[in-house]
Amino acid sequence: MGSRCSVVRPFYRCTYSGHTRHTVVVLNSYFDMAGHSPSTSLVSLSVSNSSQVPHSKVNLKRARILVRSHVAHHTVPGYVACNEGENILTWERFLRPQISFGVPMERMLAGEDSTNMVNRLVKLYKNEKYILYVEQVGLNEPAFLVTFKEAATSMSVLRSLWQAHWLHEHQLKPSDDVFDWLEESLTTLGDEFDDFIDKMEGAGWDRSQIFLKVPKEPVLVLEHLDQEA
């Protein structure tokens, strides 16, 4: 009698019958990286069914793939194409653009005139549940810093992610003003984010399955967030 062996591929499962399928690759791309043959058993890399990411669930890494595609090409891949492009061995800190979530305002200010800086940022982001600023790191490409307001949700994280990718695609020129650059990105976000969500749903993603964690702290609490600065 043939035995049934469940083989886990990245974020989806296939079931194979027969002894000859017992050593099917767990992660297809791993063999190219590690130099193993398909007959090698990678028990230590096996992923249990309980740890699989459901097809339609949008975590941070998937959100990056979807946002990057929309910003660059105005398209959103379905979950099969998304899984094929997803490298689960890549750490978040090595992804580009570099984005730090839950950053305290003090790091954003970085020696700037705090009162003037805060007022300008509050006014600029009055319609968002987060504030995003850019950190210039020497001659390297900029990193993006995000702090969240009290009412922030997964959708707030997704919006900040879309803005950061747009800024990464449209680099600031030396002669440009950083606040004009941020304002342009927010205008584009307002114009195109609904199209992004529509294309997500058209590709089979469920907006109720967007799970992007909002850092518990630090949280931006300002009494004048809804006032004109």
Taken in chain and number order and not counting sequence neighbours, the residues that satisfy ring-ring contact (aromatic ring centres under 6.0 Å, His included) with Y130 are Y125
Check your understanding: So, do F211 and V58 sit near enough that their side-chain heavy atoms are less than 4.5 Å apart?
Key -> no
OG of S154 to CZ of R207, rounded to nearest 0.5 Å, is 12.5 Å
Basic-acidic side-chain contact under 4.0 Å: E169, R68:
no
E183 meets the salt bridge (Lys or Arg N to Asp or Glu O under 4.0 Å) criterion, sequence neighbours left out, with none
Residues 152-167 vs salt bridge (Lys or Arg N to Asp or Glu O under 4.0 Å), sequence neighbours excluded, gives E128-R159
So OG of S160 and CG of L132: to nearest 0.5 Å the spacing works out to 6.5 Å
Counting heavy atoms not belonging to Y79, are there more than 12 under 6.0 Å from its OH? no
| said: Is it the case that the side chain of T147 and the backbone of V103 share a donor-acceptor pair, with hydrogens and angles ignored and the cut-off at 3.5 Å? | reply: yes
Requested in this report: State, yes or no, whether a side-chain contact exists between D206 and E201 at a heavy-atom distance under 4.5 Å.
Outcome: no
Any side-chain heavy-atom pair of F193 and Q163 under 4.5 Å: no
By side-chain hydrogen bond (donor to acceptor under 3.5 Å, both in side chains), T188 pairs with (sequence neighbours left out) none
So NZ of K199 and CG of D194: to nearest 0.5 Å the spacing works out to 11.5 Å
For D176, the salt bridge (Lys or Arg N to Asp or Glu O under 4.0 Å) test, sequence neighbours excluded, returns none
Value for CG (L145) from CE (M105), rounded to nearest 0.5 Å, stands at 10.5 Å
- Item | Flag side-chain contact, heavy atom, 4.5 Å: V146 against I131 | no
(Q) Can you confirm whether M155 sits close enough to I210 that some side-chain heavy atom of one is under 4.5 Å from a side-chain heavy atom of the other? (A) yes
What I'd like to find out is whether the side chain of L161 reaches to under 4.5 Å of the side chain of F101, using heavy atoms alone.
yes
Contacts of H70 meeting side-chain hydrogen bond (donor to acceptor under 3.5 Å, both in side chains) (sequence neighbours excluded), chain-then-number -> W162, D195
Problem - Stacked cation flag K129 on F148, 6.0 angstrom / 45 deg - result: no
Taken to the nearest 0.5 Å, the spacing of K61 NZ from R64 CZ works out to 9.5 Å
Any side-chain heavy atom of W166 within less than 4.5 Å of one from E184? yes
Q) Looking at side-chain heavy atoms only, is the closest gap between S69 and V76 below 4.5 Å? A) no
